[in-house]
Structures are given as C-alpha cells and as structure tokens.
Amino acid sequence: MKQTSNYPSLFILTVIFVAGLLASYTEVKSEQIELPGGFKLGSSLDEARQHSSSRGWELAQFSPEQPWQWIVEGSAETQIGLFVCGDKVTGVHQYQPGDLDEFADIVLGFIFSHGQPDIQVITFMAGGTKISNVDARFTEFEGLNVNVQLSSTAGRLGISTNYFKVGECTEK
C-alpha cells in the first residue's frame, strides 16, 4: 500500500499554532507602516504628483470611467496605484507577482506587529477562468486598514496589498 505524506497538512497546522502562540504571548506593538512608493494617505493629488515626479515616476488616471483610480508609471519594482477621493489620496495599492511563501512572509510580518487578521478564502469562475483568493484583512491599527491578498487567476499567482482608511471618501 502506498503511503502518502502528511507534510503539507502538518506544516500548515504548525504555522497556525506557532503564529497563535506568538500572538497570544507577545505584546502586540504598533509600528509605523511605510506605504508603497512612500505615498501618504490624506495628501493631495498635487502632492502625490510631486512625490512621483521626485522619484522619476508619473501618475496617470487609470481610465475616464474610474476617475478615482490612478496608477504610478515608471515604478519598476512593483505596480503601485492610488485611490483618490476629491483631491485626497485615500488608499494605496501594490501588486506584485508572488507565491504562497511570499504571501505568508508579508502576513506574518503584520501579525507580529499588529495582531491576527480576518481570513477569507474564495474561489469562483469568471467565464472560463478560475479565480481563487486568500484574503488577510487587518483592521484599524493607527486608523489604517490593510488587506493582503494572494490570488490565483488561471494559475497565475500574485499578491495585492491595499492600505486605506474606512470612511475617508464621502463623495458619491
């Protein structure tokens, strides 16, 4: 009879157990979060443009249909985007290719400094394409919410990190 390995299951259980112990027995200390690209929530769109320009980047509107969404052109390391309400930067988004190990490193970093996230796992079909996501949602530290998402779209993996303040945009 063929013996199968329980290594993946044991590894996941061990990581969850250790993370739980560390979160339970260590004091959670809030650290200042540095946003992707050095952008600042609450800054004006002009300040964001000046910041981009100082780094050799340019802000471009994502599309006329989505006037609140801006992308940073020229940032080679990752894809960075901004969400703007009125004239104020209310969210910063970062996307990078990545796998489960990189996702776990990012999430564990936030767990050690800010506590346990809410986790949501979802998979669905969009036409003929299978999309699966694992979301780790950290809420309200320093007034900031952070969502870290590992996504698989037709087998292509990527990590998105969103930084935002709830209720910052009152415009419709």
Side-chain angles (χ1 to χ4, degrees), residues 29-124 126 129 131-172:
K29 55 184 176 182
S30 185
E31 297 174 1
Q32 185 67 25
I33 294 176
E34 186 174 325
L35 300 180
F39 290 96
K40 292 184 177 22
L41 295 180
S43 65
S44 70
L45 184 56
D46 282 339
E47 289 170 331
R49 281 188 176 117
Q50 290 172 2
H51 175 75
S52 293
S53 180
S54 73
R55 293 189 167 200
W57 305 336
E58 186 177 333
L59 285 184
Q61 196 169 34
F62 184 72
S63 79
E65 293 82 28
Q66 298 176 336
W68 60 89
Q69 194 168 356
W70 294 77
I71 56 172
V72 179
E73 295 180 338
S75 172
E77 68 271 5
T78 60
Q79 296 174 14
I80 299 172
L82 303 178
F83 294 96
V84 177
C85 182
D87 185 45
K88 189 194 293 189
V89 175
T90 59
V92 179
H93 169 83
Q94 178 178 358
Y95 173 83
Q96 62 192 38
D99 60 19
L100 180 59
D101 292 332
E102 292 162 317
F103 174 75
D105 286 345
I106 293 168
V107 170
L108 283 174
F110 282 120
I111 287 173
F112 291 142
S113 61
H114 300 299
Q116 294 292 322
D118 292 325
I119 303 289
Q120 182 179 26
V121 179
I122 189 168
T123 188
F124 58 94
T129 303
I131 299 174
S132 300
N133 296 324
V134 178
D135 291 331
R137 298 175 183 194
F138 297 88
T139 56
E140 290 300 323
F141 45 86
E142 299 173 17
L144 184 68
N145 290 347
V146 179
N147 292 348
V148 183
Q149 179 183 76
L150 176 65
S151 63
S152 171
T153 304
R156 192 182 104 224
L157 294 176
I159 300 170
S160 295
T161 309
N162 294 292
Y163 304 83
F164 61 96
K165 291 185 178 185
V166 173
E168 283 291 305
C169 187
T170 56
E171 293 183 11
K172 299 270 177 187

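FYI, the numbering just counts along the sequence from 1.
Put simply, the side chain of F103 reaches to within 4.5 Å of the side chain of V148, judged on heavy atoms. Within the 4.5 Å cutoff, side-chain heavy atoms of F164 are placed close to those of N147. Residues V72 and L59 are in side-chain contact: their nearest non-hydrogen atoms beyond the backbone lie under 4.5 Å apart. Under the 4.5 Å side-chain criterion, counting only non-hydrogen atoms from C-beta, I111 is in contact with P117.
T153 places no side-chain N or O within 3.5 Å of a backbone atom of R156 that could act as its donor or acceptor partner. A distance-only check finds no donor-acceptor pair linking the side chain of T123 to the backbone of N133 [under 3.5 Å]. Counting only distance, with no hydrogens or angles, the side chain of H93 and the backbone of I71 share no donor-acceptor pair below 3.5 Å.
Separating the CG atom in L144 from the NZ atom in K165 is a distance of 7.0 Å, to the nearest 0.5 Å. For the atom pair F39 CZ and S52 OG, the distance stands at 3.5 Å (nearest 0.5 Å). Here OG1 of T161 is found 9.5 Å from CD of Q149. Values are rounded to the nearest 0.5 Å. Separating the CD atom in Q69 from the OG atom in S63 is a distance of 7.5 Å, to the nearest 0.5 Å. One finds the NZ atom of K40 at 7.0 Å from the NE2 atom of H51 (value rounded to the nearest 0.5 Å). Expressed to the nearest 0.5 Å, how far CG of L82 lies from OG1 of T90 amounts to 9.0 Å.
Under the 30°/60° scheme for interplanar angles, the aromatic rings of F138 and F110 are found to be tilted.
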Can you list the steps and then say if Q96 with I106 is a side chain to side chain contact (heavy atoms under 4.5 Å, CB included)? CA-CA 12 Å; Q96 62 192 38; I106 293 168; 4.0 Å; yes

Between L35 and L41, is the side chain to side chain contact (heavy atoms under 4.5 Å, CB included) condition met? List the steps. CA-CA 9 Å; L35 300 180; L41 295 180; 3.7 Å; yes

Let me see the working for W70 and R49 under side chain to side chain contact (heavy atoms under 4.5 Å, CB included), right down to the final yes or no. CA-CA 10 Å; W70 294 77; R49 281 188 176 117; 3.1 Å; yes

Step by step, would you call V134 with L100 a side chain to side chain contact (heavy atoms under 4.5 Å, CB included)? CA-CA 10 Å; V134 178; L100 180 59; over 6 Å; no

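In terms of heavy atoms, A126 sits closest to I131 at CB-CD1, 3.9 Å. Summarising the geometry of L157 relative to G98, their closest heavy-atom pair is CB-O, 3.1 Å, with the distance given to 0.1 Å. The shortest heavy-atom contact between S44 and V89 is O-CG2, 4.2 Å. Nearest heavy-atom pair, D46 versus D87, reported as atom, atom and distance to 0.1 Å: N-OD1, 4.3 Å. Here the closest non-hydrogen pair linking G37 and R55 is O-NH1, 3.0 Å.
Applying the side chain to side chain donor-acceptor pair (under 3.5 Å) test to S53 and every residue at least two apart in sequence or in another chain returns nothing. Here Y163 pairs with nothing under the ring-ring contact (aromatic ring centres under 6.0 Å, His included) rule; sequence neighbours left out. Under the rule for a side chain to side chain donor-acceptor pair (under 3.5 Å), the partners of Q120 that lie at least two apart in sequence or sit in another chain are R137.
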